[in-house]
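Heavy-atom basis, side chains included; hydrogens, waters and symmetry copies ignored. Note that this is a predicted model, so its numbers are computed, not measured. Just so we're on the same page: letters track the sequence lines, and every chain starts at 1.
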Amino acid sequence: MKTMSTTQHRFWKFVELGIDPYLDVYRYDVDIDVKMLKNRYSYLGKGEEAQEKFSIAGRIMGLRRHGKIVFAVLDDSTDTIQLVFRYDVLGEKLWHVVDLLNVGDIVGVKGRPMRTLRGEFSLLVEDIKVLSITWRDYPEKWHGLADIEKRYRMRYLDFVYNQKVRKAMINMYRIEKSFRDFLDSRGFIEIHTPKLQPIYGGALARPFTTKMYALDRTVYLSIAPETYLKRCIVGNFFKVYEIAVCFRNEDIDAQHYPEFVQIEIYWAFADWNDMMKLVEEMISNAVKEVFGDYVIDIDRNGEKIELDFKPPWKRIPLEDSIEEYGGIKVKDKPLEELLEIARQLSIKIDDFRRGKIIEKIFEKVVVPKIVQPTFVTLFPRDISPLARPYRDDPRYAERFEIYIDRLEIGNGYSELNNPVVQYYFFKKEEELRVKYADKLSHEVEYHPMDKDYVRALEYGMPPTAGVGIGIYRLTMVLSGLNTIKDVIPFTIVEQEEFQTIAEKHQDIVAYYVEKLQLDKY
RNA sequence: GGGCCCGUAGCUCAGCCCGGUAGAGCGGCGGGCUUUUAACCCGUAGACCGCAAAGGGCGGAAGUCCCGGGUUCAAAUCCCGGCGGGCCCGCCA
C-alpha cells in the first residue's frame, strides 16, 4: 500500500460506497467453475453472447481500464477468465465498485458467457459483489513474483503467480493418490508409524531431538518409518506402506531438506526383484494417470528432457555401472586401488569402508549420467545394514536404488529378517560409530543398535521386500523443478521485521473496534 | 563446516566497476477512452519521520539505497563486521 500521508486509504472509499466485505459478506453462491464454463461455451463465436447466467468467484489478477468498459482477469483456481464490465450493463452504482477494484481483490460476479470481438472468451458481468479486498499491492503483472526470498517467505503469492510451482503441488497430490489407489488394489494398507521415537533408525542420518514432557525424556523425530513398518510385518500385516514425513537434521541444498515425505512399502513373501517390478509398475502407472502418457517431456531451465517410464526399466549392477558410465573398473579391486581411483576423482574419503568408497565413486561418475528411470542394483553389503545379503555373493546386498534424471529417487531391498545377523550388523555399526566418533564428530552417521527391533525379528519376520521412494524428489523431477524447496509447500525462513495494516492504520482499527464492539464483549 | 553471489520505491530492476543532491517500467492517484490482452495517451505522488485528514494536506530532517562501524570534503557506490536470502562443495534421500 501507499504511504497514507498523501492519500486516503482505499478501504474508506469502499466504506463510502456502503461496502465492507468483512461485515457484509460471509458466503457467495458459486454455480460453476471457470474450467467447466469455458468447456461448455467453447462453441461461442466472436461477438456472440449466451443467455444463461452464471455466478463465479475468484481473485482479480489483471485490470485493463478503457473508460466505460473494463476488462479484468479472474482466477478461480481452476482456470482464468476475462470479465467484461460495461457501464451500460452495470449501471451507476456498480460502476463505482468496478472503479475501486485492485488486482488482488476477491470478487463474486454474475453474468453471461460471451466471446469478444477479439475472440477472448469472457463473462459479461451484470452483478458484482466484493468478497474480500487486498490491503497490499500485488506483484507486477509481467515478471510476477520473482525474488527468491520473497517467493519462499510469502509462498501464497508464489502459488498465485508461479504456474510451475502450482502444478507441482497438484501433481504431488495426484501422484500420492495414484500410489494409494494402486497399493489399495493390491491389498496393501497404510499404517502411520510414530514420528516421536525412543531410538531412531531405518536410515543413516543425524536425527532431530526433542523433549517429551509426559515421560520426561528425550525423543527423536523419525528419520524413517522402516523399522516400525517391519514390526507391522511381524504383526501379520503382510502388506503395508506409509506416506511418511521424515526428519533428518542435515543441511539444506537443492536435493535435500530436513523435513521430507517418502512412501515406504513392505511386502511379505516377496524379494527385491518382485519389489522392482512393483515399483516400476506403480510409478509408471502414476505417471500415466497424472500426465496422460508413459513418456513425458520435461522443461528443466530451458533444457528439454524426454523421460520414458514404460516398464521394464533399465537394471544395472552398481559396479558394472561405474564401468559402463565411467569407464572405471572397480570390481574385485583391492582397497588401495579404490582409494587411488577416488583420489584421482578428487573425492574426499573419510570413511574407509570398501562399500562407502565404491558408492562415492558411483555418485561422482555414474549418477550425473543416468537420465531415464533406472534401477541400480547390488549395492555393497557393508553399507546396507538392514538389507539381506545377496544370495549368490555375500559381498553384496540385495539392494537397489532408483535413479531418474540424475537424482536418487528411491532405495529398496530384500529385507534382512534374520535377527541374529541383524544384531551382528547393528553391533558392527556401533563399532564404526565409536571408531570414527572422535575423528569426525557428527560428520558420519551409523545405524544405532535397536534391540527392541531385533526382538521383533526374533518373533519371526517372513521374507519381505521393502522400498522407500522420495515423494518430493519424484515430484520435483516430474515437474521440471530444480530445487526441492519448490515442491515443498512451506519451507522455513528467518523472521523478518514488517508492519501489519492494523499497526499502520489506527483509524481503521478504531472503525472495527466500534463496528464490532470489540472493546465491549 | 568451507567458497562464491545478491539485498535500491508496493513489484521487477538500473545506478556501484570509475564516490559528487536516488532513477526507469509496472502498480498507485487525477484526467481521457465501450472490445482490450503487459491496452494506450496526458498529468502526478511515492524511498526516513511526525502531525493532520469526507479527501490527495502540513511540517521536519542531508537523513537508514538491509543494519552497524570505518575511509573521505563527500558513500547506494570503497573497506570491515553483522543480518537476511541464494548457489556450489562436504554430509544425509
Query raised in the report: rC40(B) C1' sits how many Å from Leu63(A) CG, rounded?
Result: 16 Å
Query raised in the report: For rC78(B), what is the paired nucleotide under Watson-Crick or G-U wobble rules, both distances under 3.5 Å?
Result: rG70(B)
Query raised in the report: Contact class for Tyr472(A) vs. all strands (heavy atom < 4.0 Å): base, sugar-phosphate, or nothing?
Result: nothing
Requested in this report: Indicate yes or no: does Asp382(A) engage Lys428(A) in a salt bridge with an N to O separation below 4.0 Å.
Outcome: no
Requested in this report: Mind checking Glu120(A) for me? I need base, sugar-phosphate or nothing, with any heavy atom below 4.0 Å counting as a touch.
Outcome: base
Query raised in the report: Are the charged groups of Lys38(A) and Asp79(A) less than 4.0 angstrom apart, N to O?
Result: yes
Report task. Give a yes or no on whether a salt bridge exists between Arg388(A) and Glu415(A), defined as a side-chain N under 4.0 angstrom from a carboxylate O. Result -> no
Query raised in the report: What about Asn102(A): does its side chain form a donor-acceptor pair under 3.5 Å with the base of rG28(B)?
Result: no
Report task. Looking at every strand, decide which applies to Glu401(A) at a 4.0 Å heavy-atom threshold: base, sugar-phosphate, or nothing. Result -> nothing
Query raised in the report: If you look at every strand shown and take non-hydrogen atoms under 4.0 Å, does Asn411(A) touch a base, only sugar-phosphate, or nothing?
Result: nothing
Report summary line: Of rG85(B), rU34(B), rC11(B), the nucleotide closest to the side chain of Lys485(A) is rG85(B)
Query - Interatomic distance at P, rC17(B) relative to rG28(B), whole Å - result: 35 Å
Report task. Could you check how far CZ of Phe71(A) sits from C1' of rU37(B), rounded to whole Å? Result -> 9 Å
Query raised in the report: Hey, does the side chain of Lys141(A) come within less than 4.0 Å of rG27(B)'s phosphate (OP1/OP2), counting only N and O?
Result: yes
Query raised in the report: Watson-Crick or G-U wobble partner for rC91(B), using a 3.5 Å limit on both distances?
Result: none
Report task. Under 4.0 Å between any heavy atoms, over every strand shown, what does Val73(A) touch: base, sugar-phosphate, or nothing? Just pick one. Result -> nothing
**Report entry** Same-atom distance (P) from rG56(B) to rC41(B), integer angstrom
**Finding:** 28 Å
Report task. Take atom P in rC78(B) and the same atom in rG20(B), then report the distance between them in whole Å. Result -> 11 Å
Report task. Could you please name the option among rG10(B), rC91(B), rU12(B) that lies closest to any side-chain atom of Asp137(A)? Result -> rG10(B)
Query raised in the report: For atom P, what is the distance between rC65(B) and rA53(B), given to the nearest Å?
Result: 31 Å
Report task. Ignoring the backbone of Ile148(A), work out which of rG86(B), rG84(B), rC11(B) is nearest its side chain. Result -> rG86(B)
Query - Given RNA chain B, 5'-ward residue of the pair Leu117(A) and Cys246(A), judged by closest heavy atom - result: Leu117(A)
Report task. Quote, to the nearest angstrom, the P distance that separates rG27(B) from rA38(B). Result -> 12 Å
Query raised in the report: Which part of the nucleic acid, if any, lies within reach of Gln82(A) when heavy atoms closer than 4.0 Å are counted: base, sugar-phosphate only, or nothing?
Result: base
Requested in this report: Measure from OH on Tyr220(A) to P on rC92(B) and round the result to the nearest Å.
Outcome: 19 Å
Query raised in the report: Does a salt bridge link Glu48(A) with Arg115(A), judged by any charged N lying under 4.0 Å from a carboxylate O?
Result: no
Query raised in the report: Under a 4.0 Å N-O cut-off, is there an ion pair linking Asp486(A) with Arg151(A)?
Result: yes
Query - Shortest side-chain distance from Asp251(A), nucleotide among rC92(B), rG90(B), rU35(B) - result: rG90(B)
Query - Residue mapping more 5' on RNA chain B - nearest nucleotide basis, Glu259(A) or Arg153(A) - result: Arg153(A)
Report task. May I ask you to say what Gly47(A) touches in the nucleic acid, namely base, sugar-phosphate or nothing, with a heavy-atom cut-off under 4.0 Å? Result -> nothing
Query raised in the report: Does the base of rC91(B) carry an N or O that pairs as donor and acceptor with the side chain of Asp253(A) under 3.5 Å?
Result: yes
Report task. Quote, to the nearest angstrom, the P distance that separates rG30(B) from rU35(B). Result -> 23 Å
Query raised in the report: Atom CD of Glu149(A) to atom P of rC6(B): distance rounded to whole Å?
Result: 15 Å
Query - Selection from rG85(B), rG25(B), rC91(B) that lies nearest to any side-chain heavy atom of Glu140(A) - result: rG25(B)
Query raised in the report: Does the ring of His256(A) lie flat against the base of rC92(B), closer than 5.5 Å centre to centre with planes under 30°?
Result: yes
Query raised in the report: Between rC11(B) atom C1' and Trp142(A) atom CH2, what is the distance in whole Å?
Result: 15 Å
Query raised in the report: Within this structure, what is the CZ-to-P distance between Phe85(A) and rU35(B), rounded to whole angstrom?
Result: 17 Å
Query raised in the report: In terms of side-chain heavy atoms of Thr483(A), which of rU34(B), rU12(B), rC87(B) is nearest?
Result: rC87(B)
Query raised in the report: rG28(B) C1' sits how many Å from Phe11(A) CZ, rounded?
Result: 19 Å
Query - Residue pair Glu496(A) / Arg153(A), side-chain heavy-atom distance below 4.5 Å - result: yes
**Report entry** Between P of rU12(B) and CZ of Arg151(A), the distance in whole Å
**Finding:** 11 Å
Report task. Could you tell me whether Lys356(A) contacts a base, only the sugar-phosphate backbone, or nothing, with contacts defined as non-hydrogen atoms closer than 4.0 Å? Result -> sugar-phosphate
Query - Distance test, side-chain N/O of Lys13(A) to OP1/OP2 of rG28(B), below 4.0 Å - result: no
Query raised in the report: Does Arg64(A) place a side-chain N or O at less than 4.0 Å from the phosphate oxygens OP1/OP2 of rA39(B)?
Result: yes
Query - Separation of the C1' atoms in rA14(B) and rC6(B), to the nearest angstrom - result: 15 Å
Requested in this report: Run the salt-bridge test on Lys230(A) and Glu242(A) with the 4.0 Å N-O cut-off and return the result as yes or no.
Outcome: no
Query raised in the report: Within less than 4.0 Å of OP1 or OP2 of rU12(B), is there a side-chain N or O belonging to Lys150(A)?
Result: yes
**Report entry** Test: Lys485(A) cationic atom under 6.0 Å from Tyr152(A) six-membered ring centre, within 45° of axis
**Finding:** yes
Query raised in the report: Which nucleotide sits closest to the side chain of Tyr152(A): rG86(B), rC92(B), rU12(B)?
Result: rG86(B)
Query raised in the report: Are Asp105(A) and Arg10(A) within salt-bridge range, i.e. N to O under 4.0 Å?
Result: yes
Query raised in the report: Considering every strand shown, what is the Watson-Crick or G-U wobble mate of rG28(B) when both distances are under 3.5 Å?
Result: rU44(B)
**Report entry** Between rC83(B) and rC67(B) - P atom distance, rounded Å
**Finding:** 15 Å
